[in-house]
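As the structure is a prediction and not an experimental result, all values here were calculated from the model.
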Amino acid sequence: MTRNTPPSPAGAGDGNHWAILRDLLPYLWPDGRGDLKGRVVIAMVALILSKIVTVWTPYAFKYATDALTAGSGTAAVAAIAVSVPLVMVVAYGFGRIMMVALAQFRDAIFAKVGQRAVRELSIRTFRHLHILSLKFHLERRTGGLSRIVARGTAGIDTVLRFSLFNTFPTLLEIALVAGVLAWSFGWAYAAVVLATVVIYVWYTYAATEWRIGIRRAMNEADNDASTKAIDSLLNFETVKYFGNEDHEARRYDKSMARYETAAVKTWVSLAVLNAGQAVIYAIGLTIVMAMSAYAIAGGRATVGDLVMINALMVQLYMPLNFIGSSYREIKQGLIDVEQMFNLLKVNVEVADAPDARALIVDQAEVVFEAVSFAYDSERPIIRNLSFRVPPGHTVAIVGPSGAGKSTISRLLYRFYDVSRGRILIDGQDIAKATQKSLRAAIGMVPQDTVLFNDTIRYNIRYGRPEASNTEVEDAAKLAQIHSFVMSLPKGYDALVGERGLKLSGGEKQRVSIARTILKGPPILILDEATSALDSHTEQDIQDALRKVSSNRTTLVIAHRLSTVVDADEIIVLDKGQVAERGTHAALLRKNGLYASMWNRQREADEARNILAQAEAEDSEELLEAAIGKELETTRRVTSYTP
């Protein structure tokens, strides 16, 4: 199948940073955005004007100096000697102001272009992450992934801004300064300046390439530390259960020690780079100043010339220093962007076919036709599975742990594609339908409910974002959670906490049921939808679910067999194959795997009831009976062979 993957940058992941830069540059001239293109043009005009002013300003300094050092004769000459330096000083000050004003104007105008590029690439990455397969997200490290995206988005603006407003204008200014020196003082001065620039740039390039490896090591250590920190905080309760706060601190400190070592190397290497740059520039400045002093001593130049050369060299040092830091920032930004672009290169394992069409659901019949699937080719999970869920019927999937029950729901939702066979809805192969239309037709109540860190209202409304408050509350009533919500101080505006940790397991599951009810799909998947509920609430929810699923095609995945006794058909899986199928009564009469599972669960329930009664009555006799039943159940579980 052709992968519907967003186009990836050509240079991402192969070290070709120039290719990455080339792929970023179109964001400076976005198609169909005349307003942004206009901003780029205005910014470039401001940039060129600022460089012209930068080179012209030292001339005012020169003329002011020459006027101040000229001898005064008559009163008229004395008056000119006062006014000319004053005018030149004012002109010099105006030039300095314009240099800053034009640079700031340029940055302000370009800000929208740069931030729009950050926004577009960020949303592109965000969308790509959401279309990646479940396998990718099961294997990801959330902390490291968030750091990659954060650094990548920051790197985009850095690369665009520095490449456009530092590298190009610096080259322009170097050319202008060299031309002015050659025209005003001779080619010898220009040759020294160009030699200084060449050596400076070569040293900067060599040192920066050396520092890239150090930067990558620091990024890896930063990712590792962030991953450990976020993973530990997400599992806060588990850390507390086992009293492993010190263990988590040691793991985090070990990662931070790696980061510390890499960060120290980064700063030391930066100091070496800056020191070398300063030495190279100082030598070049000393040479041209000595040449100018020698010319003054010979009467071939004035003090103003010396001042002008010094001003030009000082002003040249700023862009030279910028070209060094720009190269560093661009390279480091490209490293950061490279990691984000690598995310964009991750293939979409489950993608819509090129000719995919929207799924049209009428009767909502679900058919598994000789389906086989394996997460790992060496360990098949589903083997040649065939069954049919007639429209409006309820079919339950049961079986021992690891039999492949939950995998069936993932295949129907198309989190994975089948290895062989087909899954049909109303005769349409879901592999040929768009995933959006497929998932719109299915409602899922998972066993492990994870909520957004937002309000209860938001989490219920997530099933249908455009639903009204009345519809949200009606769904909550049907899911038996409305009265609980209304007992909270903030009601439906109460926050549920990270992953819903402020709610109990049963409360989270009822919120999940409510949002599925609100979605109102023609097909329902209930994956242990009442596993976290007490017996009384479970019965209430089961009644509600019966009402919700009465006119819907429903697939129930269950471990607790008491929840599926009313199913139209029960399919018993064992090792990914159909071991038995039939109604509850028919399967009990077969006295096979289902009957064995039913008897074990019934005995376990009886043991729990006796134990509860023993605790209530403080009866040793009942306690011994409960223990005996539990031991007998355990013996049967371990000795049973299907």
Enclosure of Y462 OH (heavy-atom neighbours >12, cutoff 6.0 Å): no
More than 12 heavy atoms of other groups within 6.0 Å of K575 NZ: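 Open.
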Classify the side-chain pair [X]/[Y] by whether it contains a donor and acceptor separated by less than 3.5 Å.
| X | Y | result |
| --- | --- | --- |
| S409 | S406 | no |
| H247 | Y252 | no |
| T455 | D493 | no |

If only atom types and distance count, is the side chain of [X] paired as donor or acceptor with the main-chain N or O of [Y] below 3.5 Å?
| X | Y | value |
| --- | --- | --- |
| N459 | F452 | yes |
| S269 | K265 | yes |
| T516 | S512 | yes |
| R510 | Q480 | yes |
| K228 | R251 | no |

Is the shortest side-chain heavy-atom distance between [X] and [Y] below 4.5 Å?
| X | Y | result |
| --- | --- | --- |
| V511 | E507 | no |
| L385 | I408 | yes |
| V398 | V564 | yes |
| M486 | S483 | no |
| F373 | T407 | yes |
| L555 | L524 | no |
| V395 | I571 | yes |
| L412 | I442 | yes |

From M444 atom CE to I525 atom CD1, the distance as rounded to the nearest 0.5 Å: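 If I round to the nearest 0.5 Å, the distance is 5.5 Å.
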Spatial distance of atom CZ (R515) from atom CD1 (I460) [nearest 0.5 Å]: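 Interatomic distance, R515 CZ to I460 CD1, rounded to 0.5 Å: 9.5 Å.
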Test side-chain hydrogen bond (donor to acceptor under 3.5 Å, both in side chains) applied to Y492 and H482, R461, E473, the passing residue: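 So, applying the side-chain hydrogen bond (donor to acceptor under 3.5 Å, both in side chains) to Y492 and each of H482, R461, E473, only H482 qualifies.
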Electrostatic pair E471:R464 at N-O distance under 4.0 angstrom: yes
Residue pair R439, R414: steps toward the side-chain contact (heavy atoms from CB on, under 4.5 Å) verdict: CA-CA 8 Å; R439 290 164 188 164; R414 228 184 137 209; 4.2 Å; yes
